[in-house]
Asks: 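Take a look at this one; I'll ask things after.
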Amino acid sequence: MSVPAIESPRSNTTVTSAAPPASTERKGLSKKEIAADHPTWCPGCGDFSVLALYFKLIEKRKLWQEKITTVSGIGCSSRFPYFVQAYGAHYIHGRSLPFASGVSLSRPDLHVFVFGGDGDMFSIGGNHFNHVARKNIKLTCVVMDNWVYGLTKKQTSPTSPLGFKSKTDTWGAVDYPINPMKQAIAAGATFVARTTSTNPNHVMQMMEAAMDHDGFSFVECLSECVEFYEGAFDASNPRKGGAFNLVPSGHDVTDETAAYKLAGEPFPGYFGIFHKVNRPTKNAKEATLNASTREKFKGLKDWQILQKSFDRMK
Amino acid sequence: MSEPTPSAPQTGSSPTISTINEAVIRIAGNSQDGIQAIGGFLARLAGRSEQEVMTFMTIPSTISGGPSIFQVRIGSGEVASAGDDADVLLAFYQHSYEEHIASLKKNGIVLYDADHVEPKPEWQGEYHHIGIPISSLTIEAIGGTAKDKGKNIYSLGLLAKMFDLNVPKLEALIGERFGGKDVSVLNNALAAFHGGYSHSLGQVFATFKFAESRHKDGQQVVLNGNEALAYGILAAGVRFGAAYPITPWSDVMEILRRELPKYGGTFVQCEDEIAAISMANGAGFAGRVAVTGSSGPGVTLKMEALGWAVMAEVPLVIIDVQRGGPSTGMPTSVEQSDLNLACFGSHGDAPRVVLAPSDVEDCFYTAIEAVNIARRYNVPVFILSDQAIATRIEAFTSPDLEKVCQDISPDLSPVVDYKPYDLAAVDGIVRRVVPGTPILSGRYPVAGGLEHDELGHPTGSPKLHMQMTAKRRKKLQALALTLPTPKVYGPPEGNVLLVGWGSTRGPIQEAVDRARASGDSVSSLHLKHINPLPPGLDNIFSGFNTVRVVEMNDEGLYGYGQLAGLLRARFCDPKIRGINKTDGLTWKVKEILERAKADINAGLHKL
């Protein structure tokens, strides 16, 4: 496997960066201002941590309510937008990524965050994940992976490990699970990172790095379902006697093969940025295409451009 | 060519020149012969000569090859359909000759390629046969390496001669089509055209001349239905769309993909139909009406996401270019069998708007109307086109683009407070506030698929679900009151009322003309607004003994087609019955009249 070609990251300046410039006059939004409905998650759910860190990210990076859009599909974690006091959309199951792509591609001034679960992203929405990754659409996608369907109360998920006893596999899961990191790397994602909700500082680091990436940025965040898969991630939690291993310092994030190998390590594996390359986003490519096309119609109003088309149909 | 029938050709006599009002020319060959190109040239020429024109084509659903036809009807008066029977059949092959001779009028002219067609003696008395070795003459005209490529243009030359068509205008059209390429391509095309034009026809039969047509206001443009829809979407101000390819919808997305960058917009080819409607929903949520489209199978896949747009009250335009179904069905044939899908598809109580354009020009204006309804009522709007209207070419007066083009960019100026689902709003209609707009109260909305309160936050309240369901319905009831009552074609009272929708208006109105010409009391009514229905239909129906709904779909389990079923459910009127067919072909005028004959004859009214 060859090292992916690295193209110039911001070759096109016509696209305005989605992240708004930090304002010096205004203070970042406080938790009180950015929190909306009280989360409906079970006490002890890993998702609380991700939400709290999203608030922190918004405050620290001075993101304004009108400049972000929080998008989700269906699932426990996908209740997310309701808990955020900013523009948001709670879309249908599995389709949050194409929905968010529509927001991102039509509104370069907004920063688009997608939150979802393993069922949303890797089962019903699996194909969209591949395509948003290869198209490198500018948005940040955080998957709260709990290895189980929680909202529908304990069915096997695409990331449930072999042998996991669920209501749909009472004898233990028989289907080989998806490895989200491998999936993302293979699909051509330009930013692939892994974290766990039990390490807040690390979650924050990964979300910030993902937000700053110009392209499709994917973060898998292990997030325990205390109700239906208790203890799933204990082996990654030092407080439960597990090991939290950071990505080795010598790892080359532009080396796709090395990233793939890292992703193949047995649980608990590694945490951090596995893969990061710069490749022009679809947003930038479309903007370049538009700029060069519009050059030919400079000074014309929209109706005059359309008139030219009609003149050819006489 | 309905009026003067040319006198039987007499060998050796000088050609007669008959003045005609219209002609129906059917060109039959294989799909790679470029017969659509001849038809296209004829249609464009008619448009530039202020004539009325309508075309009809069939193409095989195979990738390459297979029989194909193109029928063009050109007239100096009004042309509402592509015509039942042809005046001239141009047949390239034996199969074209044998299969299409039946579509020729008695005493019509069959012009055949003598290199490929062996005429049948039993048909020689019924039709005027003119054999010309088109293939070999084309090679002769262009030169050695041409094979028979270019025989379509050679044939165009023959037709130009036969109908005394405007040669400079045709040369200009050929130049527009083949110019820009290798100059030898254009030269070959012109050589083929002039070869055909100068072939001596005079010895064998009459030539014709179209009567002067009445002067039309403004310049004519010549488009097919898919083009008219795509350009209508652009005129309406839509700047984002997403879709997945499927026949016969793909042309629309190809045009939008090509054209939108000129306007700073984007069209995305998606991985599937669901992604396509989802991207459109995302863009609609984020600012302005977006468009997606497909044909029946693809529209079916979009239905869950349509339900979201209804629930979240996000504007959306969905184009369904209908084809024969179910499943892959008859992908290159016409059918009007997605009406129920458009009106009722998806889950739950999900009111949406359904419009059906009735001709190519109407496709352009319907696209604008759909966008404006979507953005005013925050609702998904279907445009039900079909394969026949999508591919047929018509000439119409060029729209006043400066007037019709609109800017629908979102207004992002700050608002004090915003309740996206305000129950106190008149008729349930709320102006949308979109991301990017500061809301001074600090309360921001979430657009969601869950039943919600006025701010968009989830609720399980039985009361709110009742109120919100009613709100979503009331918007459409308010819309219905603004819709114009359609005008009856023919007298507003009488024996038989033919009701149609979508692409069938032309043949239905011609059927009315023909029936009335023979003294029968027949009128027609054409519906563009399918859901909600316009007001006043019951009054119209009450003026007739019987109402027959003419549709290209099945009569269904209980004997009524899809619109007929809807009208019966709406009006509980037993005199509403259907006239249906599922052969994948457009209505012929005589088919409609034959099927309505019993009712027409049973009528008490005579004119």
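Lettering of chains follows the sequences in order, A, B, ..., and the numbering in each one begins at 1.
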Asks: Which heavy atom of A:Phe83 sits nearest a heavy atom of A:Asp37, and at what distance?
Replies: CD2-O, 3.5 Å
Asks: Counting heavy-atom pairs under 4.5 Å with chain A, which one of B:Arg288, B:Glu402, B:Arg48 comes out on top?
Replies: B:Glu402
Asks: Can you tell me which portion of A:Lys282 sits under 4.5 Å from chain B's heavy atoms? Options are side chain, backbone, both or neither.
Replies: side chain
Asks: Show the nearest heavy-atom pair for residues A:Gly73 and A:Ser78, with the distance to one decimal.
Replies: O-CB, 3.1 Å
Asks: Which bit of B:Leu260 is near chain A, if near means a heavy-atom gap under 4.5 Å: side chain, backbone, both or neither?
Replies: neither
Asks: Count the heavy-atom pairs under 4.5 Å between each of A:Glu295, A:Gln85, A:Gln304 and chain B, then report the option with the highest count.
Replies: A:Gln85
Asks: Working to the nearest 0.5 Å, report the span between CE of A:Met207 and CZ of A:Phe113.
Replies: 8.0 Å
Asks: May I ask you to name which of B:Gly449, B:Gly47, B:Cys405, B:Gly264 has the most heavy-atom pairs under 4.5 Å with chain A?
Replies: B:Gly264
Asks: Quick check for you: among A:Lys314, A:His93, A:Gln307, which has the greatest number of heavy-atom pairs under 4.5 Å with chain B?
Replies: A:Lys314
Asks: Look up atom CG in A:Leu289 and atom OG1 in B:Thr266, then write down how far apart they are to the nearest 0.5 Å.
Replies: 8.0 Å
Asks: Can you tell which part of B:Asp407 gets under 4.5 Å to a heavy atom of chain A, answering side chain, backbone, both or neither?
Replies: neither
Asks: In terms of heavy-atom proximity below 4.5 Å to chain A, should B:Gln406 be classed as side chain, backbone, both, or neither?
Replies: neither
Asks: Measure distances from B:Val314 to the heavy atoms of chain A and classify the residue's part below 4.5 Å as side chain, backbone, both or neither.
Replies: neither
Asks: Which atoms of B:Val434 come close to chain A, meaning under 4.5 Å heavy atom to heavy atom: side chain ones, backbone ones, both, or neither?
Replies: both
Asks: Taking A:Ser292, A:Ala89, A:Ala86, A:Pro98 one by one, which has the highest count of heavy-atom pairs under 4.5 Å against chain B?
Replies: A:Pro98
Asks: Heavy-atom pairs under 4.5 Å with chain A: which of B:Ala276, B:Ala395, B:Ala283 has the most?
Replies: B:Ala283
Asks: Side chain, backbone, both or neither: which part of B:Arg239 has a heavy atom under 4.5 Å from chain A?
Replies: side chain
Asks: Using distance alone, with no hydrogens and no angle criterion, decide if A:His128 and A:Arg95 have a side-chain donor and acceptor under 3.5 Å apart.
Replies: yes
Asks: Quick one: what part of B:Ala242 sits under 4.5 Å from any heavy atom of chain A, side chain, backbone, both or neither?
Replies: neither
Asks: Heavy-atom pairs under 4.5 Å with chain B: which of A:Glu33, A:Glu66, A:Gln65 has the most?
Replies: A:Glu66
Asks: A:His213 vs A:Phe191 aromatic rings, parallel, tilted or perpendicular, using cut-offs 30° and 60°?
Replies: tilted
Asks: Heavy-atom distances under 4.5 Å only: say whether A:Lys135 touches chain B with side chain, backbone, both or neither.
Replies: side chain
Asks: What part of A:Tyr91 gets within 4.5 angstrom of chain B, counting heavy atoms only: side chain, backbone, both, or neither?
Replies: both
Asks: Rounded to the nearest 0.5 Å, how far apart are CD of A:Glu227 and CG of A:Leu151?
Replies: 12.5 Å
Asks: For the residue pair B:Thr292 and B:Lys302, confirm or rule out a side-chain donor-acceptor distance under 3.5 Å.
Replies: yes
Asks: Any idea which of A:Thr293, A:Thr69, A:Ile92 has the most non-hydrogen atom pairs under 4.5 angstrom with chain B?
Replies: A:Ile92
Asks: Taking atom types as modelled, find out whether A:Ser104 and A:Asn283 have a side-chain donor-acceptor pair closer than 3.5 angstrom.
Replies: yes
Asks: Do A:Thr190 and A:Asn136 get their side chains close enough for a donor-acceptor pair, meaning under 3.5 Å?
Replies: yes
Asks: List the atom of B:Ile277, the atom of B:Ala305, and the distance in Å for their closest heavy-atom pair.
Replies: CG2-CB, 3.3 Å
Asks: Could you verify whether a donor N or O on one side chain and an acceptor N or O on the other, from A:Tyr54 and A:Thr70, lie under 3.5 Å apart?
Replies: yes
Asks: Give, for atom CD of A:Glu59 and atom NZ of A:Lys27, the distance between the pair rounded to the nearest 0.5 Å.
Replies: 8.0 Å
Asks: Is B:Pro458 close to chain A through its backbone or its side chain, or both, or neither, when contacts mean heavy atoms under 4.5 Å?
Replies: both
Asks: At a 4.5 Å cut-off on heavy atoms, which part of A:Glu286 comes close to chain B: side chain, backbone, both, or neither?
Replies: side chain
Asks: Please look at B:Phe364 and chain A and tell me whether the side chain, the backbone, both or neither of the residue comes under 4.5 angstrom of a heavy atom of that chain.
Replies: side chain
Asks: Are side-chain N/O atoms of A:Ser217 and A:Thr140 paired as donor and acceptor at under 3.5 Å?
Replies: yes
Asks: Could you look at B:Phe240 and say if it's the side chain, the backbone, both or neither that has a heavy atom under 4.5 Å from chain A?
Replies: side chain
Asks: Please determine, among B:Ala275, B:Pro435, B:Ala447, B:Gly307, the option with the most heavy-atom pairs under 4.5 Å with chain A.
Replies: B:Pro435
Asks: Can you confirm whether the side chains of B:Thr459 and B:Asp453 place a donor and an acceptor under 3.5 Å from each other?
Replies: no
Asks: For chain A, which candidate among B:Ala286, B:Pro410, B:Gly284 shows the most heavy-atom pairs at distances under 4.5 Å?
Replies: B:Ala286
Asks: Side chain, backbone, both or neither: which part of A:Ala100 has a non-hydrogen atom closer than 4.5 Å to chain B?
Replies: neither
Asks: What option among B:Asp272, B:Asn281, B:Leu173, B:Leu234 has the most heavy-atom pairs under 4.5 Å with chain A?
Replies: B:Asn281
